[in-house]
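Being a predicted model, the structure only gives us computed values, none of them experimental.
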Amino acid sequence: MRQHVSGITLLKAALFAGSALALPHAAFAQDATGTTGTATDAAAEANTDAAAVDTNTADEIVVTGFRQSLQAALNVKRESISAVDAVVAEDMAKFPDQNLAESLQRIPGISIQKDGGEGRAITVRGLGAQFTRVRVNGLETIATSSDGASANRDRAFDFNVFASELFSSLVVHKTAEASLDEGSLGAVVDLNTGNPIAGKTGLTAVLNVQGSYNDLSDNVGPRIAGLLSWKNEAGTLGANISAAYSHTDTLETGNNSVRWAQAYFNSVDGNPCFYSVPGATGGAPVSTGGSYRPSATCDAASLSFHPRIPRYGVVEHDRRRLGLTGSIQFEPTDRTKISIDGLYSSFKEDRAEQWLEVLARSNERRFNVVDPVYDDKGNMISATFNNAYVRTESYLRKSETEFYQIGATWDQDVTDTFRFTALGGFSQSNADIPVETTIAYDNRNANGFSYDYSDMKSPVLNYGLDVTNPANFQLAEIRDRPSYVKNKFKTGQLRTEWDLTEGFTVKAGAVWRQYDFRTQLFQRDTAACGANGTRDLILGVVTCSANVYGLPVTSDISDLINLGDAGQPDGNTNSYLVGNIANAAEYTKLYGRTAIEDLGNNRKVRETTSGGYVQFDVKGEIFGLEYAGNAGMRFAHTKQTSTGYTAGVAATVERTYDDWLPSMNLAFYPHPDVIVRGAVAKVITRPALSNLNPGGSVDGFNYRVNFGNPFLDPYRATNFDLSVEWYFAPQALFSVAGFIKKIESFPVAGTYVATLPQLGLGRDVLGQSTPAYINYDPNQEYVVSSQINGQGATLKGVEVALQLPFTFLPGILSHTGFQGNATFIDSSADYQITGPAVSACTRNATTGACGLTGVSAIYNNTLLGVSKRAWNATVYYDDGKFSIRGSVSYRGPFSDATSATGNIFEGYGSYTSVDAAIRYKATEWLELSIDGNNLTDEYRYRTNDIYANRNYENNHFGRTILFGARAKI
């Protein structure tokens with residue numbers, strides 16, 4: 001039987017929940033443990049209180065299901081002094097979204113970054129994932145994965161590691177307090193698992209079984225979650241365990257350019273662009289050697305940007321997730337509570353890619369260009385390439401992230417006015433890639449390849465040979481690059497609270513945290529052929545020559561790929577041959593080759609943080625106006641040890657730095673339903689791990705050298721926040737929040753040009769399969785990049801949110817409602833970038849030879865990762881038995897990197913996601929469900945240059961439908 005609650009009773013329940021949330025161990029109260037007195041406690045207590053009251057007044061409303069979770073989240077927000085938002089599960093193992101990141105994007109100011117069609121990382125108020133600290137059950141941690149196009153080797157937290165069913169609430173702290181862990185310019189996010197003592201007495205069991213169908217892969221996989229929870233009659237002892245498993249097999253199809261670049265070509269429309277002999281006045285064009293021969297035709301082609309590796313392909317994501325949680329809570333008296341929590345997650349993915357491409361990158365010197373067409377942005381948008389370098393790539397990456405955490409919390413009321421919380425724990429995240437294999441088939445003298453990027457999102461790529469015939473290819477290169485990333489946290493904290501007088505509390509605490517990061521990469525790569533006249537480097541069975549650059553290709557080591565639906569237009573080549581990874585690896589004995597450690601990309605960092613805080617919490621009245629606030633100081637001492645390699649030589653650098661971080665939050669209550677909040681704080685985010693590397697690496701494909709800088713300052717900023725919240729009805733909220741982040745230190749890239757000998761490096765630092773190694777030239781100039789302490793940046797924005805149940809409407813419409821928000825951000829930062837060459841013949845001061853030399857300049861843009869506009873909206877119906885939700889999320893375009901090869905900023909176009917969910921409560925214990933994700937099958941478009949709108953990639957992932965049943969006893 002449904003319980004009905006009046007608006008007055010619901011408000012009482014909210015206040016009751018708020019009083020629970022105000023306890024020192026509440027998750028939103030800045031010194032969160034995440035498992036004792038979390039948002040979940042508040043939701044459970046509010047719902048229990050509400051359900052216990054049965055009234056029949058005219059203004060009664062149903063507070064069950066999805067609406068119940070919205071109310072619980074409002075309770076968290078309303079009773080906090082600082083700026084807090086939350087997402088709360090309406091019941092055990094019943095999180096409102098299939099992905100934690102996708103739940104977070106419904107909070108004002110939060111946008112997500114997707115990989116492989118799933119939410120992976122978040123951006124809070126325009127600041128990327130590295131600026132957000134994440135705590136699981138009160139312990140700071142990092143979970144990294146190798147999903148998507150690349151492994152995460154930095155401070156960003158990958159939310160796709162975990163099954164959402166394992167969690168009961170997410171709490172986002174948008175403003176700082178002295179008692180809140182430092183390290184975030186954006187937000188601190190608390191992920192909370194089960195809380196058995198907050199549940200009902202006795203044994204509770206939940207089982208949720210679903211099937212997941214993707215229409216692009218035409219595949220169905222299982223998604224299963226279960227939970228057991230028990231609490232004794234006295235309410236002094238509780239325990240729960242939960243498990244979740246899912247297996248999905250989805251496709252990603254589309255095109256990719258791997259950036260655009262300027263380069264010299266051999267000839268253009270029959271006009272030779274090189275002298276056959278350096279310094280000569282004439283001669284026939286050749287594919288190597290000679291010096292550049294300036295002309296209007298050749299200059300136009302060389303100064304234009306062309307796609308480096310134009311290609312279409314198919315990417316398969318085969319993912320398996322297993323998650324386990326366990327919690328034991330003991331509350332022998334109303335003064336003592338002890339909790340022990342454990343979490344384990346295994347996330348495995350096999351990512352298989354098959355591409356058909358032209359390898360223009362670093363090979364343009366051999367190409368003869370016919371009929372080039374240029375647009376007004378400096379792009380060669382269509383052309384035919386003769387003597388082209390056609391390649392098919394088959395790629396397989398087997399990755400596994402294994403995360404585990406164990407933590408313990410002791411909450412003790414020593415007296416009626418003094419209490420403490422002791423918290424300690426350990427977590428580790430291992431992101432391993434034991435297999436990252438590529439098999440490359442080449443045809444290096446193909447004629448008739450043509451491309452047309454008149455429609456940047458959907459180019460036409462047509463090949464001048466039968467790319468399904470093994471006889472037209474040679475097995476030219478094999479690669480395997482296993483890698484390993486490890487993150488470890490050890491944490492110990494003590495927090496105390498002392499109520500000196502009514503309305504005045506002193507909080508003080510100390511923290512010690514040790515964070516260890518290590519990444520290792522290995523290579524067992526080789527090109528099939530080195531010097532002409534020698535045996536191949538794979539099996540030693542063929543003699544290399546100008547026309548023999550690989551092993552014969554046969555059908556028994558190959559697969560035929562059909563592109564399928566990749567958004568390609570008519571006239572595109574859609575079938576092609578690639579290497580079968582298993583068969584080709586066995587044939588070439590790839591995995592038997594000795595793996596060589598890639599020291600240039602190996603590094604480790606240890607950070608030991610110690611410090612403490614003092615905070616004063618006050619509440620009362622002034623001139624009849626109620627207020628609450630806190631002010632305090634946090635001190636953090638950071639000791640940092642970084643190790644990296646250049647040319648096989650290890651370097652270790654130690655440093656320490658201190659930060660004093662004052663903060664203040666005030667909340668005024670001019671009306672019982674109106675809250676005005678203000679906050680100011682000094683905050684920090686420690687530098688990106690990749691930038692702390694005292695070693696470096698050399699890119700022999702793009703002729704770039706990257707060195708780290710272990711002496712980078714942290715990102716330091718002053719945050720200002722002001723908001724107004726109007727709780728104008730039960731379950732309702734209208735709010736406006738403004739924020740300014742004045743970032744005082746902001747590491748920026750610095751670049752200069754040098755040869756390898758000038759850097760003290762030689763040929764041995766280059767990969768043997770790279771063009772720079774094969775055609776080694778000691779006079780070749782490289783763009784050297786490093787990070788330096790910049791002058792800072794400013795970010796400001798506004799969030800608007802509305803949550804409105806339509807209880808004032810008649811009949812069934814009274815069970816409907818709306819939840820939505822919008823964020824508008826303005827930011828500005830200066831970046832030094834090596835842009836395009838403006839002359840086709842910049843003379844080398846030593847040799848006098850022509851060169852395409854990029855021009856370094858300062859460019860102003862938004863902060864990387866910032867979308868100027870983002871919004872999401874949800875419309876729902878929920879009568880306690882039947883519910884339906886439809887959601888739309890929009891993220892505007894944004895730049896995420898400064899790009900390379902002469903391009904100015906790269907990033908993503910706008911993205912809109914449409915999702916829906918239907919629930920039907922067949923009985924008191926059985927619920928049926930259907931969920932739809934990405935119902936419009938939105939394409940993700942990535943640009944290579946924000947001014948020239950060059951295509952980087954355009955792909956889609958299909959629609960995903962989940963259907964199943966949930967039983968609870």
Side-chain angles (χ1 to χ4, degrees), residues 258-259 261-264 278 288-292 308 359 361-366 477 479 481 521-523 525-527 529-531 537 596-603 642-651 653 690-710 749-788 832-837 841-856 898-902:
V258 199
R259 298 194 184 95
Q262 299 168 300
Y264 292 133
T288 59
S291 59
Y292 183 66
R308 295 169 67 241
L359 200 62
R361 177 205 62 196
S362 305
N363 293 302
E364 294 92 344
R365 175 64 181 84
R366 61 189 296 130
E477 187 176 340
R479 294 196 294 264
R481 298 177 177 177
L521 287 82
F522 298 85
Q523 292 186 357
D525 301 4
T526 186
C529 282
L537 302 174
I596 300 172
E597 192 169 5
D598 181 6
L599 292 176
N601 283 308
N602 290 354
R603 59 188 185 276
S642 307
T643 300
Y645 300 84
T646 300
V649 179
V653 176
S690 57
N691 294 337
L692 295 176
N693 183 7
S697 62
V698 181
D699 182 350
F701 289 105
N702 299 311
Y703 302 99
R704 299 180 67 87
V705 176
N706 288 284
F707 282 129
N709 182 356
T751 61
Y752 57 94
V753 175
T755 65
L756 291 184
Q758 288 172 337
L759 297 171
L761 304 176
R763 188 183 187 186
D764 57 337
V765 301
L766 297 164
Q768 294 184 7
S769 63
T770 64
Y773 182 90
I774 296 171
N775 305 308
Y776 179 69
D777 179 358
N779 295 315
Q780 172 68 51
E781 292 183 331
Y782 290 73
V783 176
V784 183
S785 301
S786 187
Q787 293 286 315
I788 59 176
Q832 183 174 346
I833 299 173
T834 300
C841 185
T842 300
R843 297 288 182 183
N844 183 288
T846 302
T847 65
C850 289
L852 281 169
T853 303
V855 177
S856 181
T898 54
S899 200
T901 62

query: Can you list the residues that meet the side chain to side chain contact (heavy atoms under 4.5 Å, CB included) rule with Asn702, with sequence neighbours excluded?
result: Arg308, Arg361, Asp699, Arg704, Thr901

query: CD1/Ile833 to OG1/Thr898 distance, rounded to the nearest 0.5 angstrom?
result: 5.0 Å

Under the ring pair (Phe, Tyr, Trp, His ring centres under 6.0 Å) test, residues paired with Tyr773 that sit two or more places apart: none

Pairing residues for Ala527 by the side chain to side chain contact (heavy atoms under 4.5 Å, CB included) criterion, not counting sequence neighbours: Ser769

task: For Pro710, check side chain to side chain contact (heavy atoms under 4.5 Å, CB included) against everything at least two apart and list the hits.
output: Ser642, Val653, Pro694

Sub-4.5 Å side-chain heavy-atom contact between Leu756 and Leu766: yes

- request: Return the set of residues passing ring pair (Phe, Tyr, Trp, His ring centres under 6.0 Å) with Tyr703 (not counting sequence neighbours), or none when no residue passes.
  value: Tyr782

field: Within-4.5 Å side-chain heavy-atom neighbours: Glu477 and Arg479
entry: yes

query: Do you see a donor-acceptor pair shorter than 3.5 Å between the side chains of Thr755 and Gln780?
result: no

- line: Heavy-atom nearest pair, Arg843 first then Cys850, reads NH1-SG, 3.5 Å

task: Measure the spacing between CZ of Phe522 and CG of Asp525 and express it to the nearest 0.5 Å.
output: 13.5 Å

statement: One should read off an interatomic distance between Tyr264 OH and Arg365 CZ, to the nearest 0.5 angstrom, of 11.0 Å

field: For Asp598, all residues meeting side chain to side chain contact (heavy atoms under 4.5 Å, CB included), sequence neighbours excluded
entry: Leu521, Gln523, Asn601

message: Any side-chain to backbone donor/acceptor pair from Gln262 onto Ala837? Under 3.5 Å, distance only.
response: yes

- prompt: Could you give the distance from CG (Leu852) to CD (Glu781), rounded to the nearest 0.5 Å?
  reply: 11.5 Å

